[in-house]
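To keep things clear, I will list the structure first and then write my remarks on it.
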Amino acid sequence: MKKVVLTYILISAVAFLALAQESTVKVSDLHFDTNTEKELWEVGQENPYLLFRAVQAEQIPSGDKWNGLVSDLDKKFDKKGTHLNVLRQIFQKSHQQLFKTYEQHSTFNAMLDEGKFDCVSGSAALALLLDRYEFDYKVVETDYHVFVLVNLEGKDIILESTLPIGGMITAPSEVAAYLEGYKADESVQLKSVSQRLGAPKVDLSDNAIFRKVNLKQLAGLQYYNDAISLFNEQSFDKAAVQLNKALKLYQSERIEGLKELAEEQASLLASSN
């Protein structure tokens, strides 16, 4: 669950500033691989579900799985409302119908198509459903992981998408222990992008990031994940393109840092050819 080396989450580096500030990347500067991606991106600014489907939209799968899940849950919600049993159904049915195989950097589309998911796409699905059924929740971003924290009747509940068994944590002592494991330490000196990228091992005791992200920012992290996969393949130009889109959705120094590194590596690769 906390496993890393160029995994989501989040490899980079330096602290964030001004999470709410507008990205300096202009829409006109963005490059989309297909018209489908562009259309989903544009409509997705008002509908985060479609924004999550924009990443790797070359062969966009049917939305039947999602629609079937929503149909099932609508019936539960109509009977119970924002009740613990509905929350449990959201978690369990998401695992039964969507979350089949954990695979780092899996996109929302891969989840709908093949059941492959990671903590970003899994948390995105849970958050979209919680939003639909008006639960009080937040998506929490840490150095290397994303999870969902729900507040129900004054009680915190963890939804850990990567754990089908035991991933809905309700006992106060267990919730506290889980959160403590990701607690940020303000005294920690953040590592540079290049150090994080090259590190064969990460010390999980030096957590520096613990913050709430909204759905649009989470979609930015999905683009960031896709860029990491491209970076690993040494497709540095393509990684920079995805990072431009990530920055438009989520202004972050870590995303900016990886973008600069990808552009630098792309330039070095071009000059050596």
Side-chain angles (χ1 to χ4, degrees), residues 1-16 19 84 87-88 90-92 94-95 99 101-106 111 117-127 129-130 135-193 195-215 217-218 220-222 224-225 228 250 252-255 258:
M1 182 170 61
K2 291 186 180 181
K3 195 175 173 185
V4 282
V5 191
L6 280 198
T7 164
Y8 160 20
I9 272 167
L10 297 165
I11 343 196
S12 59
V14 277
F16 275 13
L19 295 179
L84 179 62
L87 183 62
R88 196 176 302 279
I90 290 172
F91 184 77
Q92 292 177 347
S94 293
H95 277 279
F99 309 160
T101 306
Y102 177 83
E103 185 173 302
Q104 291 177 353
H105 310 148
S106 296
M111 179 181 65
F117 75 102
D118 66 2
C119 65
V120 174
S121 54
S123 294
L126 292 172
L129 294 169
L130 293 169
F135 280 89
D136 180 9
Y137 77 95
K138 60 183 177 182
V139 179
V140 179
E141 170 196 15
T142 72
D143 294 63
Y144 309 109
H145 191 55
V146 168
F147 63 90
V148 179
L149 181 64
V150 181
N151 186 276
L152 185 62
E153 298 178 351
K155 180 181 178 181
D156 285 337
I157 298 172
I158 301 291
L159 297 185
E160 171 51 74
S161 65
T162 64
L163 292 178
I165 299 175
M168 181 172 170
I169 305 172
T170 59
S173 60
E174 294 178 11
V175 170
Y178 182 96
L179 295 176
E180 183 65 25
Y182 287 103
K183 184 178 179 181
D185 185 346
E186 295 181 359
S187 67
V188 169
Q189 183 176 359
L190 293 169
K191 302 174 179 64
S192 71
V193 175
Q195 286 174 315
R196 286 283 178 97
L197 288 172
K201 183 179 179 181
V202 175
D203 181 359
L204 294 174
S205 66
D206 63 348
N207 299 323
I209 298 170
F210 187 99
R211 66 171 54 88
K212 175 183 176 180
V213 291
N214 61 34
L215 288 172
Q217 290 168 331
L218 188 59
L221 293 178
Q222 185 180 227
Y224 178 64
N225 258 358
I228 290 171
Y250 190 5
S252 152
E253 286 195 7
R254 73 172 74 205
I255 297 174
L258 186 58

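Quick caveat, the model's predicted, so the values are computed rather than measured. All heavy atoms count here, side chains included; hydrogens, waters and symmetry mates do not.
- Taking 4.5 Å as the limit, every side-chain heavy atom of Leu163 sits out of range of all side-chain heavy atoms of Phe91.
- Taking OG1 of Thr170 as the reference point, atom NZ of Lys155 lies at 5.0 Å (rounded to 0.5 Å).
- In terms of heavy atoms, Ile90 sits closest to Ser94 at O-OG, 2.6 Å.
- Considering Val139, Leu149, Leu130 as possible partners of Leu159, the one that fulfils the side-chain contact (heavy atoms from CB on, under 4.5 Å) test is Leu130.
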Step by step, would you call Leu218 with Val120 a side chain to side chain contact (heavy atoms under 4.5 Å, CB included)? CA-CA 7 Å; Leu218 188 59; Val120 174; 4.1 Å; yes
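- In terms of the side-chain hydrogen bond (donor to acceptor under 3.5 Å, both in side chains) criterion, Asp136 has no residue partners (sequence neighbours excluded).
- A search for side-chain contact (heavy atoms from CB on, under 4.5 Å) contacts involving Ser123 returns Val146, Val148, Ser161, not counting sequence neighbours.
- Using modelled atom types, one side-chain atom of Asp118 and one backbone atom of Ser121 make a donor-acceptor pair closer than 3.5 Å.
- Counting only heavy atoms from C-beta outward, the side chains of Tyr137 and Leu126 never approach each other to under 4.5 Å.
- Contacts of Glu174 classified as salt bridge (Lys or Arg N to Asp or Glu O under 4.0 Å), with partners at least two apart in sequence or in another chain: none.
- Within the 4.5 Å cutoff, the side chain of Leu84 has heavy atoms near those of the Met168 side chain.
- The aromatic rings of Phe117 and His95 lie perpendicular to each other, with more than 60° between the two planes, well past the 30° mark.
- Closest of all the heavy-atom pairs between Leu258 and Ile228 is CD2-CG1, 4.0 Å.
- Put simply, the side chain of Tyr178 reaches to within 4.5 Å of the side chain of Phe147, judged on heavy atoms.
- Between Tyr182 and Phe210, the gap from one ring centroid to the other reaches at least 6.0 Å.
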May I have the step-by-step check of side chain to side chain contact (heavy atoms under 4.5 Å, CB included) for Ile157 and Arg88, ending in yes or no? CA-CA 11 Å; Ile157 298 172; Arg88 196 176 302 279; over 6 Å; no
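- Heavy atoms only, all atoms of each residue included: Lys212 and Gln217 are closest at O-OE1, 4.3 Å.
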